[in-house]
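Structure record follows, encoded as structure tokens.
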Amino acid sequence: MKFYFYKICSFFVLSISVCYAITIPPNKSIPAVFVFGDSIVDTGNNNGLKTIAKVNYPPYGKDFMGGIPTGRFSNGKVPSDFLVEELGIKDLLPAYLDPTLQAEDLITGVNFASGGAGYDPLTSEIAKVISLDGQVILFKEYIVKLTELVGEDRKNEILANSLFMLVTGANDITNTYFGMPLRKSYYDVPSYADLLVNFACSFVQDLYGLGARRIGIFGIPPIGCLPSQRTLKGGEARQCVDNLNQAAQLFNSKLEAYSSSQGNKLPNSRLVYIDTYNVLLDVIDNPQRYGFKLSDKGCCGTGKIEVAELCTYTCSSDSDYIFWDSFHLTEKAYRLLTHQILVQHLSSFF
């Protein structure tokens with residue numbers, strides 16, 4: 001069998017270069033990538049919103065092209081960008097609401113994610129950002145524009161063969177459930193996880209109804225090991241917070257089960273659950289193995305609590321850090337994780 005190869009190199013400790021091939025089967029293509037979700041993948045959709053959940057100011061973006069803050073919640077590129085870069089589609093995945101967006105960008109994919117969003121509509125409402133329902137509305141608007149550009153047949157072909165990635169859920173558990181009393185008064189952790197999975201199911205069905213066929217759903221990372229959660233709930237030693245990680249694992253198990261069962265109910269679809277929990281936890285537990293020095297605090301400020309406007313100064317070497325601020329990863333860590341995810345899961349979309 002013949003494959004198309006994209007050779008990607010990750011540089012690890014001791015300057016050893018390890019190269020893995022990203023392979024796409026013959027007679028298959030990925031013409032575009034579309035991303036939905038929260039700040040892990042937002043590339044600037046919040047810039048024009050009246051919300052504190054935006055980062056279109058320094059020091060964010062200090063390692064981006066030209067050191068320009070673009071609204072990405074990191075020092076540089078985020079997973080959305082690395083997805084299209086590693087697949088050989090383009091260098092960056094632009095925000096759909098970017099006022100400088102070009103018509104040609106619509107053909108190869110755009111980003112609808114909004115920092116602060118979640119599966120739970122209350123999560124987005126509290127943060128005053130674009131909910132998943134709102135992101136679907138933007139996607140419908142996008143489809144009209146794409147059809148005008150390329151015609152109905154080509155539009156259908158693009159949507160059916162592109163990757164659709166959904167990356168959210170961390171804000172629901174850390175902020176809406178454990179950070180506020182409203183949901184906890186009505187739901188225990190298992191029933192709240194069920195609620196989130198139901199929202200995820202509805203979202204996937206919306207995408208499928210609009211033409212998406214290759215859909216990836218990211219699990220929640222080990223949120224109990226975020227620097228902010230270590231500081232707030234991890235005691236004097238700032239340990240990982242067990243109940244947060246357990247909630248993430250419970251939700252992930254339910255989401256994975258849903259992905260496995262639902263995929264059989266959506267004809268001609270590939271619904272893929274993507275484990276980010278164990279991939280990131282291994283990096284956090286073994287930072288030196290992956291070329292990092294610090295895994296319990298971010299580069300921004302003290303690294304223990306700062307995010308967004310609280311980030312007023314940075315460390316001297318962000319490449320030593322897994323975390324950029326107290327909630328988000330550095331460009332280096334995002335590149336590593338995105339590559340590992342593609343190596344592990346890309347074949348499942350075919």
Side-chain angles (χ1 to χ4, degrees), residues 33-46 49 51 53-55 71-74 78-80 83 93 95-97 110-139 163-180 183 192-207 212 215-223 226 229 244 247-256 258-259 262 271-277 279-280 307 327-329 334 337-338 341 345:
V33 172
F34 302 94
V35 174
F36 303 81
D38 58 27
S39 58
I40 295 174
V41 287
D42 184 1
T43 54
N45 283 310
N46 282 10
L49 303 183
T51 175
K54 59 183 175 183
V55 290
R72 289 166 169 82
F73 288 73
S74 186
V78 294
S80 312
L83 283 170
L93 189 68
Y96 177 67
L97 296 181
V110 288
N111 190 339
F112 300 94
S114 178
Y119 289 112
D120 188 342
L122 181 60
T123 301
S124 303
E125 182 181 341
I126 292 168
K128 298 181 179 179
V129 297
I130 307 167
S131 66
L132 288 186
D133 283 346
Q135 294 177 35
V136 169
I137 290 171
L138 292 176
F139 180 55
L163 292 188
F164 290 76
M165 298 297 198
L166 175 57
V167 186
T168 195
N171 295 318
D172 296 312
I173 295 179
T174 58
N175 300 338
T176 306
Y177 188 80
F178 284 105
M180 303 183 67
R183 290 306 194 209
Y192 188 64
D194 287 334
L195 178 70
L196 298 182
V197 171
N198 287 337
F199 284 129
C201 175
S202 177
F203 183 82
V204 167
Q205 289 174 340
D206 285 344
L207 285 185
I215 304 171
I217 310 179
F218 283 57
I220 297 176
I223 49 179
L226 298 176
Q229 302 310 306
L244 288 176
Q249 289 176 297
L250 178 63
F251 168 77
N252 288 343
S253 66
K254 292 175 180 286
L255 186 67
E256 184 175 16
Y258 155 74
S259 301
Q262 189 69 15
L271 184 57
V272 179
Y273 170 77
I274 296 172
D275 172 31
T276 60
Y277 185 97
V279 174
L280 179 55
V307 66
F327 206 92
H328 306 96
L329 307 188
Y334 277 142
L337 294 180
T338 304
I341 285 167
H345 295 285

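Everything quoted here is computed from the prediction, not taken from an experiment.
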List, one per line, each side-chain donor-acceptor pair under 3.5 Å for residues 194-202, sequence neighbours excluded.
from: Asp194; atom 1: OD1; to: Lys254; atom 2: NZ; distance (Å): 3.0
from: Asn198; atom 1: ND2; to: Asp194; atom 2: O; distance (Å): 3.3

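The side-chain contact (heavy atoms from CB on, under 4.5 Å) check on Asn175 picks up Asn171, with sequence neighbours excluded. Listed by chain and number, the residues in a side-chain contact (heavy atoms from CB on, under 4.5 Å) with Ile341 are Phe218, Ile274, Thr276, His345 (sequence neighbours excluded). Partners of Tyr334 by ring-ring contact (aromatic ring centres under 6.0 Å, His included), not counting sequence neighbours: none found. Residues passing the side-chain hydrogen bond (donor to acceptor under 3.5 Å, both in side chains) test with Thr168 are Asp38, sequence neighbours excluded. In this view, Tyr177 satisfies the side-chain hydrogen bond (donor to acceptor under 3.5 Å, both in side chains) rule with no residue, not counting sequence neighbours. With sequence neighbours left out, the ring-ring contact (aromatic ring centres under 6.0 Å, His included) criterion links Tyr258 to no other residue. For Asp275, the side-chain hydrogen bond (donor to acceptor under 3.5 Å, both in side chains) partners two or more places apart in sequence, or in a different chain, are Asn278. Here Ala127 pairs with Val129 under the side-chain contact (heavy atoms from CB on, under 4.5 Å) rule; sequence neighbours left out. Under the side-chain contact (heavy atoms from CB on, under 4.5 Å) criterion, Thr174 pairs with Ile223, Gln229, Phe327, sequence neighbours left out. Among residues two or more places apart in sequence or in another chain, the ring-ring contact (aromatic ring centres under 6.0 Å, His included) test is passed with Phe73 by His328. When the salt bridge (Lys or Arg N to Asp or Glu O under 4.0 Å) test is applied to Asp120, the partners found at least two apart in sequence or on another chain are Arg183.
Under the 30°/60° scheme for interplanar angles, the aromatic rings of Phe112 and Tyr96 are found to be tilted.
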Side chain to side chain contact (heavy atoms under 4.5 Å, CB included) between Val78 and Asp42, intermediate numbers included = CA-CA 8 Å; Val78 294; Asp42 184 1; over 6 Å; no
Could you give me the CA-CA distance, side-chain angles and deciding distance for Leu166 and Leu132, then say whether side chain to side chain contact (heavy atoms under 4.5 Å, CB included) is met?
-> CA-CA 10 Å; Leu166 175 57; Leu132 288 186; 4.0 Å; yes
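Listed here is the closest heavy atom pair of Ala95 and Gly44: CB-C, 3.8 Å. Closest heavy-atom contact between Pro221 and Ala248: O-CB, 3.8 Å. Of all the heavy atoms in Asn46 and Gly115, the pair that sits closest is ND2-O, 2.8 Å. Closest of all the heavy-atom pairs between Gln262 and Leu271 is CB-CD2, 3.9 Å. Taking both residues in full, the closest heavy atoms of Gly118 and Ser124 are given as N-OG, 3.5 Å, listed atom of the first, atom of the second, then distance. In terms of heavy-atom proximity, Gly37 sits nearest to Ala117 at O-CB, 3.6 Å.
Considering CG of Leu93 and CG of Asn111, their distance stands at 5.0 Å, rounded to 0.5 Å. The OG atom of Ser39 sits 12.5 Å away from atom CG of Asn45, with the distance rounded to the nearest 0.5 Å. Distance CG/Leu138 to CG/Asp133: 11.5 Å, rounded to 0.5 Å. For the atom pair Ile215 CD1 and Phe36 CZ, the distance stands at 9.0 Å (nearest 0.5 Å).
Using a 4.5 Å cut-off on side-chain heavy atoms (C-beta onward), Pro79 and Leu337 make no contact. When side chains are defined from C-beta on, Phe178 counts as touching Ile173, because their heavy atoms get closer than 4.5 Å.
Side-chain atoms of Ser114 come within 3.5 Å of backbone atoms of Ile130 as a donor-acceptor pair (strictly under, hydrogens ignored). Side chain of Ser74 to backbone of Leu329: a donor-acceptor contact under 3.5 angstrom is found.
The ring-ring contact (aromatic ring centres under 6.0 Å, His included) test with Phe251 is passed by exactly one of Tyr273, Tyr192, Tyr119: Tyr119.
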